[in-house]
There are 2 protein chains.
Amino acid sequence: MVRVNTRDEILRVAAEQFTHSGYKGTSLQEIAAAVGCSKATLLYHFASKDAILHALVAPAALALAGLVAHLETVDDAVVQAAAIDGYVDLVLRFRHEVALIYDVIPQFLQEPAFDTVRPLTDQLCAAFAGRTDDPGNGIAAEVLLGGIAGVVIDDDRDAAELRPALIGVARRALLPAV
Amino acid sequence: MVRVNTRDEILRVAAEQFTHSGYKGTSLQEIAAAVGCSKATLLYHFASKDAILHALVAPAALALAGLVAHLETVDDAVVQAAAIDGYVDLVLRFRHEVALIYDVIPQFLQEPAFDTVRPLTDQLCAAFAGRTDDPGNGIAAEVLLGGIAGVVIDDDRDAAELRPALIGVARRALLPAV
DNA sequence: GTCTATAAACAGATAGAC
DNA sequence: GTCTATCTGTTTATAGAC
């Protein structure tokens, strides 16, 4: 099989399969078939199936950490708008990967390896809610965070079409009416 | 094991496990352990693992069909508000079950057994969008439908607290500003 | 780096005793 | 109606040749 970089190709295919069928619902067999190599080759490049998942999520988690760090420097008055724009861009850029974090593998969020991700999503949720204590705002933020991630997985439309619609619905739902 | 109704107990436990770990991520072994019986007992009450899932989703799908049928009789001007109220009530009533349809098993929506469910969710989505052709409205409806289902799974708060918050965020996001 | 072959564990499902 | 024991296929992962 002629291929530029087998490792990257494995990650690309795994991201597709994991988001489509779930982590548990995707076997190494299926990934290998789609890549065009053997299971053994997969496990030469990655120590385990879990390692593939972690390699996949790591860059997205890093970008998420960057967004959250940036939001900490933003003033309360505009933090919601900044969080919405940043999150929509992030989720469209890591379409498969960030979506995984929110939708496909909730059980994995409780694993030790994801201990760094959970506080980040909590902070992002707080930013979406406008850093208020009102539980209603928190619930609204959860709806939008999860809903946006879900659409990005399931919807076939491209980023250019989704971006304004996603930002629009989040603003209407979360920002005070003008 | 003293138990009122083993069949119902299996369904109750399976709903919990499926929503928490996913369908593929939950084994008959684990369900049996949580119920306090053997795998064989599970398969005495249900023909297969699939049969458990179908028994679980059937009442929710029926209720969903009822909601969609009711919405067809509702005037365009108020269909969004009616759809929001009806959906939030539905998803809180069948907290595990309807949530399963939207969040845990996207791959199952393509199975023949779910051929009846897919058109229902499409119609519900159209009602959420206010029966317009604007793709932006459609995307917003998808965000809210999926986001609400996701919150109902993950959030521990009870229905009384969630209901007004969920209806509120959906109205702000979807209904024209007054 | 990639392969075939295989190990070891686990899945869903069945048989038959009680 | 529930159990133990077992069958059969599939899973992740390893061993070793090329």
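A note on names: the letters A, B, ... follow the listed sequences, proteins ahead of strands, and every chain is numbered from 1.
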(message) How close do B/Arg172 and A/Ala140 get, counting heavy atoms only, and between which atoms?
(response) NH2-CB, 3.9 Å

(request) Considering non-hydrogen atoms only, spot the tightest contact between A/Ala14 and A/Leu56 and give its length. (result) C-CD2, 4.1 Å

(request) Kindly give the heavy-atom pair with the smallest separation between B/Gln80 and B/Leu175, and that separation in Å. (result) CB-CD1, 3.7 Å

(request) Establish, with yes or no, whether the OP1 or OP2 oxygen of C/dT2 is under 4.0 angstrom from a side-chain nitrogen or oxygen of A/Thr6. (result) yes

(message) At less than 4.0 Å, is any side-chain N or O atom of B/Tyr44 found next to OP1 or OP2 of D/dT2? Yes or no.
(response) no

(request) Take the C1' atoms of the five end pairs on each side of the helix from C/dG1-D/dC18 to C/dC18-D/dG1, get both axes, and report the angle to 10 degrees. (result) 0°

(message) Once side chain to side chain donor-acceptor pair (under 3.5 Å) is applied, do any residues pair with B/Gln29, and if so which ones, sequence neighbours excluded?
(response) none

(request) May I have the distance from A/Phe46 (atom CZ) to C/dT2 (atom P), rounded to whole angstrom? (result) 12 Å

(request) Indicate the atoms forming the closest heavy-atom contact of B/Arg95 with B/Ala159, along with that distance. (result) NH1-N, 3.9 Å

(message) Check the phosphate of C/dG1 against A/Thr41, side-chain N and O only, distance under 4.0 Å to OP1 or OP2. Yes or no?
(response) no

(message) In whole Å, I'd like the distance from the NE2 atom of A/His45 to the C1' atom of C/dG1.
(response) 6 Å

(request) Give a yes/no verdict on a cation-pi contact between A/Lys49 and A/Tyr23, requiring under 6.0 Å between NZ or CZ and the six-membered ring centre and an angle within 45° of the axis. (result) yes

(message) On a heavy-atom basis, which atom in B/Val13 and which in B/Ala34 lie closest, and how many Å separate them?
(response) CG1-CB, 3.6 Å

(request) Looking only at non-hydrogen atoms, find the nearest pair between B/Leu174 and B/Ala141 and report the distance. (result) CD2-N, 3.9 Å

(request) Would you please confirm or rule out a distance under 4.0 Å between OP1 or OP2 of C/dT4 and any side-chain N or O of A/Ser38? (result) no

When you compare the protein's N or O atoms with those of nucleotides 12-18 of chain C, which come within less than 3.5 Å of each other, and at what distance?
residue: C/dG12; atom: OP1; partner: B/Lys49; partner atom: NZ; Å: 2.8
residue: C/dG12; atom: OP2; partner: B/Leu28; partner atom: N; Å: 2.8
residue: C/dG12; atom: N7; partner: B/Lys39; partner atom: NZ; Å: 3.4
residue: C/dA13; atom: OP2; partner: B/Lys49; partner atom: N; Å: 2.7
residue: C/dA13; atom: N6; partner: B/Lys39; partner atom: NZ; Å: 3.4

